[in-house]
Engineer: 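Structure incoming, see below.
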Protein chains: 2
Amino acid sequence: MNLKELADALGLSQTTVSRALNGYPEVSEGTRARVLNAARSFNYRPSTGARNLATGRSMAMRHIVPLSARHDMMNVIFSEFMSGTGEVYAEHGYDMIVSFVPKDKELQAYRDAVARGSVDGFMIHGPTRDDPRLPLLAELGVPFVVHGRSTGYNVPYAWLDVNNRRAIERATTYLIGLGHRRIGLVNGPEHMDFALRRREGYLTALASAGITADDALMTAGDLTEPQGYNAAQRMLGLSNPPTAFVASAILPTLGIRRAVEGRKLEVGRDISVICYDDKVSTLPNGDTAEPMFTAARSSVRDAGRRCAEILIDCINNPHLPLRQELWEAELILGGSTAVAKKEPTR
Amino acid sequence: MNLKELADALGLSQTTVSRALNGYPEVSEGTRARVLNAARSFNYRPSTGARNLATGRSMAMRHIVPLSARHDMMNVIFSEFMSGTGEVYAEHGYDMIVSFVPKDKELQAYRDAVARGSVDGFMIHGPTRDDPRLPLLAELGVPFVVHGRSTGYNVPYAWLDVNNRRAIERATTYLIGLGHRRIGLVNGPEHMDFALRRREGYLTALASAGITADDALMTAGDLTEPQGYNAAQRMLGLSNPPTAFVASAILPTLGIRRAVEGRKLEVGRDISVICYDDKVSTLPNGDTAEPMFTAARSSVRDAGRRCAEILIDCINNPHLPLRQELWEAELILGGSTAVAKKEPTR
DNA sequence: CAAGGTCCTCAAAGCGCTTTGGGAAACAAC
DNA sequence: GTTGTTTCCCAAAGCGCTTTGAGGACCTTG
């Protein structure tokens, strides 16, 4: 059933039917109702292809994911974030297109999508320092929103970020307040902007307390459980081991706990741990009354929802100033932190 | 840059340029090369909307996800599976469209997508017993592939499933072989087909060994860490507690371990645990030499890849018989299982 | 040289929608 | 009765591609 057939069945012109369906005022309420009824009973939907062609809009947002990101922390966070964006897209009639492309074809994929006119906007995940996608998108002149920011790219663009620096600074400062002086950092991949900022926050807190940073207590990697385990194993084996850890995600935190318990120590008594928790509901810490881990928390799903709103807003109001939002993470007390038991020997 | 402009720039007709680009044989190799070169240098891409309209194909596969599935085990598994499908789609020039819809609008979403001609095929996730989507899709006459199967729907359809029943039967039988007689089952939501089959496997193994199933040792739920924790807490508190667990995913398994350790017991010594592990790389058990948990394993990403291939095959060869593949899970020995220490008192 | 094949190319007709630029009918005002 | 104003509706022109049906140019062959 296409528009022509529907119009014929109603004894109206295509124009009138189209206008009736799209809410234009030049149609009497009587005929509009008649048209809507008929459309419903025939289960008519306008062809997306034809509509794209006629309007020049695709009603689709594209998320381009380089395949190399598969094994990053991306998996879980991605799906949370994307389901947030997807909900909002759907509410506004947009489709979400997800493209997985080899890393070396990533930039071309943006060009292609624009050239094909198959997209109204892009959502950018996991920006790095000096992210090459941002200048490209600016050049292409297509709406986009970044989840995060890119240090080094200083032209204004729309973004939503969590104050990673402040969150980790507060977390670290809290540990210092509990008497910890040797604090291990288990960070995400430091080409990622969020990880860089977290590291800065960690260093700032140490510096403010007059503690010298120690390279042996800092590590960066993939934010998996084994990463946390391996890092904690190594650090706890030092002659001058840490009494606390700041971890960049819940999975390495579980690994840290495994390493701690493997040494017959206990998290929250012998060793303190704070993690940055992306609030993913299927993981521990989800809904218990007293959280297992003290954590800096923020909701990735909410961030996804808001990013989608911003993107839609960019499209609808292209001339408004670009939105930039910095969210603060909450610092939530849980059972994994305690006053330092003993000063490590100097 | 559109086809007309490209043709004008080359001094050729649109027909010839279109044919050259799409590999038709009626074009001399000389002009084809000329056309391809020009297209590349102008960064020309055919408009997807126009092409859809002209060909009647959308070059897109759609994954419709009901919002209620958000908090199921779906999150992590979904993203693994989808990245598998996405890779293959991309290799074959298909886009992946992901729609999140409220549960009560789910079926209508399939109808809509078909009516709009916005999709060439559907991928069906997480089938339930008597899944209403399958008869609908058959009625709509559009290609689809199911990841899993639906007990109760007996018309042939394309599917790929893991032999969940056999995997859990083998796991349970293995525990029985180690001398365990009281074995707890922490299963997924039992309206889901995969969970039903796993339960059957568990019951079959018990029955074969002449062990009477005990309702107090069976639980079904969301496959989160707290689910495992709560279930294990309850069962370990029974007067006649289990000495082993079979869990349906890695997250509840972590919860079980937490409960076990909370009682000053140890997994792999006092209590044995086998889990069904969907092989998600960011979780524990990912890459260590000796796996932490004994597990039945299969790769969701590979399943995604294969499902996508099957779907594309359905589209390209609509008259071939529908493909149905049953994969066996591997049973991998890890450190979480041991001979039962003592018979529970009868 | 005419007839019959090959190659290569093209004009034009859609695909199903939106949107422009009117225009008929009904009504009100003079 | 004529002239404006509304109100409602329509024919037709695209949007950018693919594909049909033909035809010109160039070889072969007899």
Engineer: Check the pair B/T151 / B/D193 against side chain to side chain donor-acceptor pair (under 3.5 Å), numbers first and verdict last.
Structural biologist: CA-CA 7 Å; B/T151 305; B/D193 198 82; 2.7 Å; yes
Engineer: According to the salt bridge (Lys or Arg N to Asp or Glu O under 4.0 Å) rule, which pairs have a member within residues 10-26 of chain A, sequence neighbours left out?
Structural biologist: none
Engineer: I need the CG-C1' distance between A/L10 and D/dC10, as an integer number of Å.
Structural biologist: 15 Å
Engineer: Is it the case that more than 12 heavy atoms not belonging to A/R32 sit under 6.0 Å from its CZ atom?
Structural biologist: yes
Engineer: How is B/G11 classified with respect to the nucleic acid when contacts are heavy atoms under 4.0 Å: base, sugar-phosphate, or nothing?
Structural biologist: sugar-phosphate
Engineer: On DNA chain C, compare the nucleotides closest to A/A50 and B/S28; which residue's is nearer the 5' end?
Structural biologist: B/S28
Engineer: What is the separation between atom CE on A/M1 and atom C1' on C/dC15, rounded to the nearest whole Å?
Structural biologist: 17 Å
Engineer: Measure CG/A/L3 against P/C/dG16 and give the value in whole Å, please.
Structural biologist: 10 Å
Engineer: In whole Å, what is the span from the CZ atom of B/R57 to the C1' atom of C/dC15?
Structural biologist: 15 Å
Engineer: Give the rounded distance in Å between these two atoms: CZ of A/R51 and P of D/dG16.
Structural biologist: 18 Å
Engineer: Can you confirm whether or not the ring centre of A/H63 sits under 6.0 Å from the ring centre of A/F100?
Structural biologist: no
Engineer: Measure the distance from NZ on A/K4 to P on D/dC10 and round it to the nearest whole Å.
Structural biologist: 13 Å
Engineer: Between the side chains of B/S118 and B/R62, does any donor sit under 3.5 Å from an acceptor?
Structural biologist: yes
Engineer: Drop me the distance from A/R323's CZ to A/W159's CH2, to the nearest 0.5 angstrom.
Structural biologist: 13.0 Å
Engineer: Would you kindly say whether A/R57 and A/Y94 are connected by a side-chain donor-acceptor distance under 3.5 Å?
Structural biologist: yes
Engineer: Tell me whether the OP1 or OP2 atom of C/dC8 has a side-chain N or O from B/T31 closer than 4.0 Å.
Structural biologist: no
Engineer: Both A/T55 and B/A54 contact DNA chain C. Which one's nearest nucleotide lies toward the 5' end?
Structural biologist: B/A54
Engineer: Take the protein atom CZ of A/R32 and the nucleotide atom P of D/dC8, then report the distance between them rounded to whole Å.
Structural biologist: 10 Å
Engineer: For DNA chain C, what residues of residues 12-27 of chain A have any heavy atom nearer than 4.0 Å?
Structural biologist: A/Q14, A/T15, A/S18, A/R19, A/N22, A/Y24
Engineer: Verify whether one side chain among B/R51 and B/N22 offers a donor that lies under 3.5 Å from an acceptor in the other.
Structural biologist: yes
Engineer: End-to-end bend of the helix from C/dC1-D/dG30 to C/dC30-D/dG1 (five-pair axes, 10° rounding)?
Structural biologist: 60°
Engineer: What is the distance, rounded to the nearest whole Å, between atom CG of B/N2 and atom P of D/dT18?
Structural biologist: 12 Å
Engineer: Just checking, is any N or O donor in the side chain of A/R301 or A/S83 under 3.5 Å from an acceptor N or O on the other one?
Structural biologist: yes
